[in-house]
K.L.:
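Quick one: structure below, then a few questions.
Since this is a predicted model, take the numbers as computed values, not measurements.
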Amino acid sequence: MKKLFNEDITPACEYCHYGRITPDNNSVLCEKRGIMLPTSSCKSFKYDVLKRRPQKKLQIFADYSAEDFTI
């Protein structure tokens, strides 16, 4: 069976099962450790797939027309 998610995920409180991000996005309220930084982690880290935010797509192609690709 093909794995859906990479197992090489660096632990971070921002996508841990036990953490809740504060409204200002500057800290995480952890059930186990209290207030933590979003990039920190502890031994109780449990990955939550739904909390992971995808990276923004890079806009590779700007507004090109067909004339830009003709010689």
K.L.:
Enumerate the side chain to side chain donor-acceptor pair (under 3.5 Å) contacts for residues 13-29, please, sequence neighbours excluded, ordered by first and then second residue.
P.N.:
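For residues 13-29: Thr22-Asp24, Thr22-Ser27.
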K.L.:
Would you be so kind as to tabulate the donor-acceptor pairs closer than 3.5 Å made by side chains of residues 31-43, with sequence neighbours excluded?
P.N.:
from: Ser40; atom 1: OG; to: Leu37; atom 2: N; distance (Å): 3.4
from: Ser40; atom 1: OG; to: Leu37; atom 2: O; distance (Å): 2.7

K.L.:
Which pair of heavy atoms, one from Phe45 and one from Ala12, lies closest together, and at what distance?
P.N.:
CE1-O, 3.3 Å
K.L.:
Using links of under 4.5 Å between side-chain heavy atoms of ILVMFWY residues, direct or through other members, which residues join Leu50 in one cluster?
P.N.:
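Members other than Leu50 - counting any ILVMFWY side chain reachable under 4.5 Å - there are none.
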